[in-house]
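Input: a single structure, listed below in structure tokens.
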Amino acid sequence: MTTLDTPVLTIDGPSGSGKGTISRLVARKLGWHYLDSGALYRAVGVAAGWGDIDLADPAALVRCTFDTEIGFRDEGDELRVLVNGQDATDELRTETAGAAASAIAAIPEVRAALKDRQRAFRQPPGLVADGRDMGTVIFPDAAHKVFLTASAEERAERRYKQLNDKGVPVTLAGLLREILARDARDASRAVAPLRPAEDAVRIDTTGLGIDEVVDRVLALMPARPVGPGA
Ligand SMILES: Nc1ncnc2c1ncn2[C@@H]1O[C@H](COP(=O)(O)OP(=O)(O)OP(=O)(O)O)[C@@H](O)[C@H]1O
Ligand SMILES: Nc1ccn([C@H]2C[C@H](O)[C@@H](COP(=O)(O)O)O2)c(=O)n1
């Protein structure tokens with residue numbers, strides 16, 4: 001199987017729609033690789049912060065994109081992200097890093113610089129890729145495309161619970177504001193804006209549990225062989 005024959009399932013959607021959670025679980029069930037493309041943009045944002053690079057300086061941010069080494073370490077229930085060899089997972093997951101990533105992601109040259117790194121994840125036996133433009137720009141030929149949504153209120157509540165469980169002090173109203181601002185920025189940028197691919201299946205996850213969403217996504221995939229050796 002060549003890289004281009006390798007099947008891809010893209011899962012795009014706005015912040016908090018559950019892309020990461022669902023993609024990882026589906027990838028595990030299928031035995032496929034997983035790409036968290038948002039982590040690449042977040043990693044560049046974090047590296048820029050470490051280097052005191054101004055988020056309003058596109059040329060410096062593009063240089064930073066080329067210079068930043070980004071690695072992933074799968075620890076079963078968590079994907080750790082290494083930025084220039086340093087574990088930056090916790091810093092990466094903050095809303096501040098998300099907002100920085102969203103700002104950086106509007107720079108066309110940054111997006112171009114990350115294109116090949118994302119496509120390199122397409123390896124046999126298959127890839128589940130989550131982000132904003134997986135189905136529209138990075139893997140337009142993907143055989144399977146999903147666009148996850150959920151109401152902004154439910155997404156804020158999910159994030160509130162997630163951060164509260166980790167002991168991070170946040171307010172629901174503040175998270176809702178940040179989610180709406182990030183949605184607006186990601187959907188309105190000129191290059192690769194957040195939008196469903198025309199051939200994507202949309203799943204509104206409002207009121208659905210994680211297992212239910214995983215089942216709906218897997219139901220879109222062709223039946224896999226069963227039995228000994230499968
Ligand atoms: N269907 C669901 N029902 C309830 N909670 C969910 C569901 N899907 C995801 N969650 C929870 O919502 C939170 C956010 O999910 P996740 O990080 O996967 O979203 P995301 O779309 O990848 O967000 P981001 O783009 O900001 O990284 C997590 O705590 C996750 O466990
Ligand atoms: N394919 C992608 C992935 C991410 N981004 C930008 C926009 C997001 O707000 C930010 C963080 O992503 P997340 O970790 O929340 O999925 O990165 C993008 O433009 N394209």
Side-chain angles (χ1 to χ4, degrees), residues 10-27 34-46 48 55 61 65 70 77-79 81 88-89 91-108 110-115 117-119 121 128-139 146-166 168 170 175 178-195 197 203-217:
T10 60
I11 303 190
D12 289 304
S15 173
S17 57
K19 304 176 300 293
T21 306
I22 304 303
S23 298
R24 271 173 68 70
L25 290 170
V26 168
Y34 166 57
L35 164 63
D36 173 359
S37 64
L40 301 179
Y41 291 94
R42 286 172 185 259
V44 175
V46 164
L55 290 184
L61 290 168
T65 307
I70 307 165
D77 55 346
E78 206 182 6
L79 186 71
V81 187
T89 314
E91 190 174 345
L92 231 69
R93 292 293 152 219
T94 60
E95 281 304 308
T96 308
S102 173
I104 285 170
I107 303 169
V110 167
R111 303 197 73 82
L114 290 176
K115 224 176 221 182
R117 285 202 209 182
Q118 294 173 81
R119 290 186 175 149
F121 280 78
V128 181
D130 97 59
R132 304 292 187 290
D133 62 342
M134 297 296 99
T136 50
V137 175
I138 304 297
F139 302 109
V146 169
F147 193 83
L148 292 185
T149 58
S151 71
E153 289 72 20
E154 175 145 343
R155 291 187 280 129
E157 272 166 31
R158 289 176 185 171
R159 188 70 77 210
Y160 181 76
K161 183 173 180 316
Q162 184 182 33
L163 294 174
N164 227 15
D165 288 350
K166 284 189 186 162
V168 181
V170 280
L175 287 172
E178 281 166 1
I179 278 181
L180 291 172
R182 194 133 68 93
D183 283 357
R185 197 176 318 107
D186 292 345
S188 66
R189 66 177 173 234
V191 185
L194 165 68
R195 67 172 173 81
I203 302 178
D204 183 350
T205 70
T206 311
L208 296 182
I210 291 173
D211 291 346
E212 228 171 332
V213 182
V214 168
D215 287 346
R216 288 197 188 193
V217 173

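Just so it is clear, the model here is predicted, and its values are computed rather than measured. Start at 1 and go down the list; that is how both ligands and their atoms are numbered.
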[atom] [closest protein heavy-atom partner, distance rounded to 0.1 Å]:
atom                    : value
atom 3 (N) of ligand 1  : L208 O, 3.2 Å
atom 22 (O) of ligand 1 : G20 N, 2.9 Å
atom 6 (C) of ligand 2  : A105 CB, 3.7 Å
atom 5 (N) of ligand 2  : Y41 CD1, 3.7 Å
atom 11 (C) of ligand 2 : R182 NH1, 3.5 Å
atom 14 (O) of ligand 2 : R42 NE, 2.6 Å
atom 28 (C) of ligand 1 : Q162 NE2, 3.6 Å
atom 20 (N) of ligand 2 : R111 NH2, 3.0 Å
atom 15 (O) of ligand 1 : T21 OG1, 3.5 Å
atom 7 (C) of ligand 1  : I210 CG1, 3.4 Å
atom 19 (O) of ligand 1 : G18 N, 3.3 Å
atom 4 (C) of ligand 1  : R158 NE, 3.6 Å
atom 27 (O) of ligand 1 : R42 NH2, 3.9 Å

### Task
Just do the side-chain contact (heavy atoms from CB on, under 4.5 Å) check on V44 and L40 with the steps written out, would you?
CA-CA 6 Å; V44 175; L40 301 179; 5.8 Å; no

### Query
Which atom pair, heavy atoms only, marks the closest approach of L92 to A97?
O-CB, 3.4 Å

[X] N/O under 3.5 Å from ligand 1 N/O:
X    : answer
R93  : no
V213 : no
I22  : no

### Task
Return yes when atom CG of D211 has more than 12 non-hydrogen atoms of other residues, nucleotides or ligands closer than 6.0 Å, and no otherwise.
no

### Task
Please determine if E178 and R159 form a salt bridge, counting it only when a charged side-chain N lies under 4.0 Å from a carboxylate O.
no

### Task
Before accepting this row, confirm whether a basic side-chain N of the pair R158/E154 lies closer than 4.0 Å to the acidic partner's carboxylate O.
yes

#### Entry: Partner of V214 under side-chain contact (heavy atoms from CB on, under 4.5 Å), chosen from L208, I22, T21
I22

Within less than 4.0 angstrom of ligand 1, does [X] place any heavy atom?
X    : result
E178 : no
E95  : no
G13  : no
G209 : yes
P14  : yes
G98  : no

Counting only heavy atoms closer than 4.0 Å, does ligand 2 sit against the backbone of [X], its side chain, both, or neither?
X    : result
R189 : side chain
R132 : both
D186 : side chain

### Query
Can you find a heavy atom in the side chain of R93 that is under 4.5 Å from one in the side chain of Q162?
no

### Query
Taking the side chain as C-beta and beyond, is there a heavy-atom pair between F121 and I138 under 4.5 Å?
no

### Message
If you measure every N or O of R93 against every N or O of ligand 2, does any of those distances drop under 3.5 Å?
### Response
no

Identify, by atom number and element, the atoms of ligand 2 in contact range of [X], meaning under 4.0 Å from any of its heavy atoms.
X    : answer
D133 : 1 (N), 2 (C), 20 (N)
G38  : 3 (C), 4 (C), 12 (O), 13 (P), 14 (O), 16 (O)
M134 : 1 (N)

Side-chain donor or acceptor of [X] paired with backbone N/O of [Y] under 3.5 Å:
X    : Y    : answer
E212 : G209 : yes
T206 : S151 : yes
R132 : A192 : no
D12  : F147 : no
T89  : V81  : yes

#### Entry: R185 touching ligand 2 at heavy-atom level, < 4.0 angstrom
no

### Proximity of R132 to ligand 1 by residue part, where a heavy atom lies under 4.0 Å
side chain

Proximal candidate to [atom] [heavy atom criterion; set [options]]:
atom                    : options               : result
atom 17 (O) of ligand 1 : K19, R182, R24, R159  : R159
atom 3 (C) of ligand 2  : S102, P193, S37, A181 : S37
atom 10 (C) of ligand 2 : A187, A101, G135      : A101

